[in-house]
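Excluded from the calculations below are hydrogen atoms, water molecules and symmetry mates; all remaining heavy atoms, backbone and side chain alike, are included. Both ligands and their constituent atoms are indexed starting at 1 by order of listing.
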Amino acid sequence: MAGLTEDTNPVLDIDGLLINQEHNKTQEENNNNNSNSQLKDKSAVLGRDREENSSKNQNQAEIDMASIHRSGSRPQLDLSKAAIEGNFEEKDPTILLPNQSDDISHLALDIGGSLIKLVYFSRHEGQSIDDKRKKILKERLGISNGTRRSYPILGGRLHFVKFETTKINECLDFIYSKQLHHGGMDSCHWNAEAPANENAVIKATGGGAFRFADLFKERLGVSLDKEDEMNCLVAGANFLLKAIRHEAFTHMEGRKEFVQIDHNDLFPYLLVNIGSGVSMIKVDGDGKFQRVSGTNVGGGTYWGLGRLLTKCKSFDELLELSQRGDNRTIDMLVGDIYGGMDYSKIGLSASTIASSFGKAISDKKELEDYSPEDISLSLLRMISYNIGQIAYLNALRFGLKRIFFGGFFIRGHAYTMDTISFAVHFWSNGDAQAMFLRHEGFLGALGAFMSYEKHGLDDLMVHQLVERFPMGAPYTGGKIHGPPLGDLNEKISWMEKFVLKGTEITAPVPMAPPPGTTGLGGFEVPSSKGSTLRSDASALNVGVLHLVPTLEVFPLLADPKTYEPNTIDLADHNELEYWFTVLSGHLPDLVDKAVASEGGTDDAQRRGDAFARAFSAHLSRLIEDPAAYGKLGLANLLELREECLREFQFHDAYRSIKQRENEASLAVLADLFAELDSMSEETRLLTLIEGVLAANIFDWGSRACVDLYHKGTIIEIYRMSRNKMQRPWRVDDFDLFKERMLGSGDKKPQPHKRALLFVDNSGADIVLGMLPLARELLRRGTEVVLVANSLPALNDVTAMELPDIVAEAAKHCDILRRAAEAGSLLVDAMINPSDSSKENSSSIPLMVVENGCGSPCIDLRQVSSELAAAAKDADLIVLEGMGRALHTNYNARFKCDALKLAMVKNQRLAEKLIKGNIYDCVCRYEPASKANLL
Ligand SMILES: Nc1ncnc2c1ncn2[C@@H]1O[C@H](COP(=O)(O)OP(=O)(O)O)[C@@H](O)[C@H]1O
Ligand SMILES: CC(C)(COP(=O)(O)O)[C@@H](O)C(=O)NCCC(=O)O
Ligand SMILES: [Mn+2]
């Protein structure tokens with residue numbers, strides 16, 4: 001084991017090295033100990049440069065970069081005439097934004113006995129630039145726009161909102177404020193191009209579609225097109241179970257576990273919708289179902305009886321009470337009847353409820369003598385247990401093994417789910433399984449939405465949906481009537497007002513202490529006491545669904561079904577806590593960078609503070625309930641951070657750092673090429689791989705590395721990193737890779753046809769690491785596709801930045817220049833791009849494609865169509881960096897040869913993953929095996 005970790009204290013050693021560099025003697029000695037590297041020689045280029053920290057041109061650079069970074073994809077918030085409705089001193093005042101509307105919206109409703117559910121769509125045109133370069137690339141990769149379906153859902157979002165049915169007027173105001181009622185639909189057809197429609201029709205289901213039809217006509221001038229409720233419930237459930245990854249989960253004894261349902265093995269199942277009343281539907285296929293049972297003891301019963309018995313003012317309050325209740329004071333347990341003993345002969349434990357509210361008969365107590373908390377819990381259990389039991393009996397009746405529970409009665413509430421699960425498990429002897437749905441209450445509304453023709457929604461696949469959790473999204477109706485986001489200045493001032501007032505805003509903001517677990521078997525005393533249920537808004541855990549039909553599953557995954565992007569399992573609470581601490585620790589520095597990237601203005605500072613508040617809120621929300629936003633992995637956390645930055649309009653926080661590092665590295669590139677060219681083939685290959693690993697040290701997402709950067713210039717650190725590159729690396733398959741590349745003995749292997757290089761960081765990483773490797777592959781006759789992020793994340797290089805970097809590099813190198821021209825990367829320099837590409841058709845092309853994401857990690861189930869197209873002819877992939885090769889994809893298997901290269905810049909990860917130390921390196925080579933091809 002070598003690399004930087006041989007030293008007992010690597011950081012100190014690095015310190016030492018930098019000092020040594022000032023007095024070159026020790027440095028020279030170090031260099032002389034290395035056999036294969038002119039690069040490490042003091043006289044080599046990498047020892048000369050002292051100017052890379054120069055900030056010359058920095059302002060210019062920032063302007064240039066600003067002009068190319070993407071503008072926010074969100075609509076602007078129209079706050080004109082915004083007003084707080086009612087009493088300003090109220091805890092949750094309603095904010096009305098009368099003039100705000102999304103660009104194009106479509107709406108469907110489910111108006112139930114208790115709640116109105118809205119699902120609405122807003123179109124957000126992707127701002128992807130279809131420039132010349134991209135067009136040529138698309139031709140080359142055989143992507144034609146013509147073959148793509150031209151459904152109107154291309155690029156849009158689904159929002160989920162609910163209101164209490166008694167507050168129908170608030171709902172109407174909301175629809176009006178967002179102009180959801182004339183969203184370009186003619187009759188029942190979806191027609192995005194249609195002008196605002198006088199005779200607009202909105203799809204609606206639930207009893208209220210009949211009850212409130214006249215009110216909708218009167219207030220909004222729209223007709224409600226009534227859809228059958230059962231039909232909608234089934235359509236909604238089928239859509240969710242097929243199109244959303246990890247929509248369903250089990251909940252036993254306080255533990256939530258997401259289940260991935262096999263699409264081909266979904267039917268039959270029992271759908272139990274617990275709304276005001278309860279419907280039980282046997283589902284055999286799309287549109288194939290039968291309502292087999294139901295019960296009038298449902299959500300309405302809990303809320304109605306609960307209100308009478310506890311004098312609660314809201315459903316949330318009632319549910320919150322149950323959290324602190326002890327049902328043993330009211331319920332008669334088996335132990336109460338059997339003198340504290342189990343009735344084991346028939347499988348009843350002493351703690352099983354024998355008779356709900358049964359104790360109330362024997363005691364000489366009145367209602368006031370029971371605590372509302374205990375009453376609420378007792379009632380909740382009585383109803384949940386009863387529903388679970390009836391559901392089981394129906395499953396038994398039809399031989400169904402899976403029961404999905406939906407409806408807003410559940411409200412993601414742990415006790416409710418545990419009780420239902422217990423009942424199903426208990427009565428079926430573990431044969432049947434209760435599962436819950438993240439979009440529990442929206443089945444009907446979603447189904448109504450699906451009933452619009454030609455929206456293409458039913459064709460969407462799992463990989464085309466991305467769920468996001470912006471702050472302030474009105475996804476539960478809640479109190480803020482407005483769009484997801486918009487004019488940040490205004491939004492922030494609203495947030496600040498709320499913060500001042502101590503009020504939670506409608507967002508995934510955490511509240512109260514953690515709820516803990518629910519106790520054993522759903523029948524024991526709940527173990528969590530004193531915690532409050534979070535507000536309606538944050539309890540729901542439903543984000544905004546982005547529909548991105550251009551996303552595809554990466555075609556070279558050996559087994560997409562079993563592919564799991566995340567390497568580290570955050571289900572391990574220690575792991576979770578560690579990464580939360582790391583990300584929190586990063587926040588101040590990140591905010592500084594972000595604010596600086598936006599000119600350090602007061603406005604930027606306010607946005608920065610708001611970002612920090614928002615991201616911390618996400619973190620505490622997730623530490624409290626790791627499954628709050630669905631299945632959580634480290635990749636999701638890192639992406640959430642980037643998304644949160646973008647939400648506060650920080651589009652490229654590391655912009656100037658990236659620029660500075662690119663310039664410094666480009667300045668020494670020509671000399672590096674010259675040195676490489678003087679080496680033998682074998683030495684060169686090793687030097688190139690070392691170069692990639694060494695340059696991967698430039699990672700602004702790693703705390704240890706950032707601390708390091710204060711201790712030297714970019715090139716100094718690069719040199720130091722190279723000097724420490726000694727094989728064997730902690731994971732070292734280089735010899736295998738070398739054999740594939742150069743062969744052994746006289747046998748010269750065929751070069752790879754096409755290599756996909758998943759690149760990581762800007763600066764030395766791309767310029768001195770990956771580009772020289774690309775050049776080598778090109779030289780050997782392999783086409784190279786550089787795969788880079790679509791959007792910025794930390795200091796990662798983006799696909800949009802790459803052509804300019806390549807163009808600069810190509811000035812020093814004919815191989816790169818010809819390849820870049822052949823790959824249409826240098827179109828700006830061409831007189832006539834199509835002529836030139838013909839002219840260069842004999843050269844091996846270098847291309848750039850975007851990967852479809854904006855995160856330091858990559859989930860290969862959801863990549864851009866460009867990347868998927870480029871992958872078709874590829875027989876080698878190189879994944880580089882911690883995010884792409886370690887945090888994600890370390891265990892991924894591919895149909896082609898795969899090289900995973902990274903320097904581990906985190907001590908804990910090094911210990912866990914490779915039983916090594918920080919700054920150890922990974923060079924993992926996995927040839928396409930026959931098994932992979934199966
Ligand atoms: N904020 C709320 N107000 C009223 N009831 C709620 C609320 N949140 C959850 N519920 C529960 O959800 C039930 C309604 O569920 P839902 O699926 O919307 O059915 P429906 O279509 O019958 O209104 C209520 O009876 C109640 O038990
Ligand atoms: C965010 C990163 C995955 C980026 O690494 P990269 O892919 O650039 O090698 C990495 O910096 C990381 O895991 N950072 C957090 C841990 C730390 O501060 O040590
Ligand atoms: Mn990176």
Checklist entry - Is a side-chain donor-acceptor pair under 3.5 Å present for Asn696 with Lys905? => result yes
Checklist outcome for this item: Residues passing the side chain to side chain contact (heavy atoms under 4.5 Å, CB included) test with Asn636, sequence neighbours excluded, are Asn566, Leu632
Next on the checklist: Looking at ligand 1, is there an atom of it that comes within less than 4.0 Å of some heavy atom belonging to Gly206?
Outcome noted: no
Checklist entry - Going by atom types only, do Thr310 and Ser376 share a side-chain donor-acceptor pair under 3.5 Å? => result no
Checklist entry - For Arg307, does the CZ atom sit with more than 12 other heavy atoms under 6.0 Å from it, leaving out its own atoms? => result no
Checklist entry - Below 3.5 angstrom, do we get any N/O pair linking Leu115 and ligand 1? => result yes
Next on the checklist: Could you check whether Phe408 and Phe442 have their ring centres less than 6.0 Å apart?
Outcome noted: yes
Checklist entry - Among Tyr302, Phe315, Phe408, whose heavy atom sits nearest atom 7 (C) of ligand 1? => result Phe315
Checklist entry - Do Glu911 and Asn917 have side-chain atoms, one donor and one acceptor, less than 3.5 Å apart? => result no
Item to check | Ser790-Glu850 side chain donor-acceptor pair, cut-off 3.5 Å | outcome: yes
Item to check | Arg884 and its side chain to side chain donor-acceptor pair (under 3.5 Å) partner, picked from Asn889, Asn851, Asp760 | outcome: Asp760
Checklist entry - Centres of the Phe404 and Phe436 rings: under 6.0 Å? => result no
Item to check | Student check: side-chain heavy atoms of Val904 and Ile914 closer than 4.5 Å | outcome: yes
Next on the checklist: Strictly under 4.0 angstrom, heavy-atom based: which residues surround ligand 2?
Outcome noted: Trp579, Val582, His586, Asn696, Asp699, Gly701, Ser702, Arg703, Asp760, Asn761, Leu794, Gly881, Met882, Gly883, His887, Lys905, Asn906
Checklist entry - Judging by distance only, is a nitrogen or oxygen of Ser276 under 3.5 angstrom from one on ligand 1? => result yes
Checklist entry - Side chains of Asn795 and Asp699: closer than 4.5 Å at any heavy-atom pair? => result yes
Checklist entry - Counting only N and O atoms by type, is there a donor-acceptor contact under 3.5 Å from the side chain of Asp110 to the main-chain atoms of Leu118? => result no
Checklist entry - Would you call Arg411 and Asp316 a salt bridge, taking side-chain N to carboxylate O under 4.0 Å as the test? => result yes
Next on the checklist: Over 60° means perpendicular and under 30° means parallel, so tell me whether Tyr709 and Trp700 are parallel, tilted or perpendicular.
Outcome noted: tilted
Checklist entry - Do the rings of Tyr415 and His413 sit parallel, tilted or perpendicular, given the 30° and 60° boundaries? => result tilted
Item to check | Heavy-atom gap Lys117 to ligand 1 smaller than 4.0 Å | outcome: yes
Item to check | Polar contact flag for Gly299 and ligand 1 (N/O pairs, less than 3.5 Å) | outcome: yes
Checklist entry - Hey, which atoms in ligand 1 end up nearer than 4.0 Å to a heavy atom of Arg411? => result 8 (N), 9 (C)
Next on the checklist: Under 2.8 Å from the Mn ion (ligand 3), which protein N, O or S atoms do you find? Ignore water molecules.
Outcome noted: Asp760 OD1, Asn761 OD1, Asp796 OD1
Checklist entry - Has ligand 1 got any nitrogen or oxygen that is less than 3.5 angstrom from a nitrogen or oxygen of Gly277? => result no
Next on the checklist: Considering both backbone and side-chain atoms of Lys162, is one of its nitrogen or oxygen atoms within less than 3.5 Å of a nitrogen or oxygen in ligand 1?
Outcome noted: no
Next on the checklist: Ignoring hydrogens and geometry beyond distance, is a side-chain donor-acceptor pair present between Arg291 and Ser279 at under 3.5 Å?
Outcome noted: yes
Next on the checklist: Heavy atoms only: which of Gly275, Ala445, Gly207 lies closest to atom 16 (P) of ligand 1?
Outcome noted: Gly275
Next on the checklist: Below 4.0 Å from ligand 1: does a non-hydrogen atom of Gly300 turn up there or not?
Outcome noted: yes
Next on the checklist: Once you restrict to heavy atoms under 4.0 Å, what part of Trp303 touches ligand 1? Side chain, backbone, both or neither.
Outcome noted: side chain
Item to check | Pairing residues for Tyr302 by the ring-ring contact (aromatic ring centres under 6.0 Å, His included) criterion, not counting sequence neighbours | outcome: Phe315, Phe409
Item to check | Numbering as shown, the atoms of ligand 1 that approach Phe409 to under 4.0 Å (heavy-atom distance) | outcome: 11 (C), 12 (O), 13 (C), 15 (O), 27 (O)
Checklist entry - Under 4.0 Å from any heavy atom of Gly407, which atoms of ligand 1 are there? => result 17 (O)
Checklist entry - Less than 3.5 Å between some nitrogen or oxygen of Ser114 and one of ligand 1, yes or no? => result yes
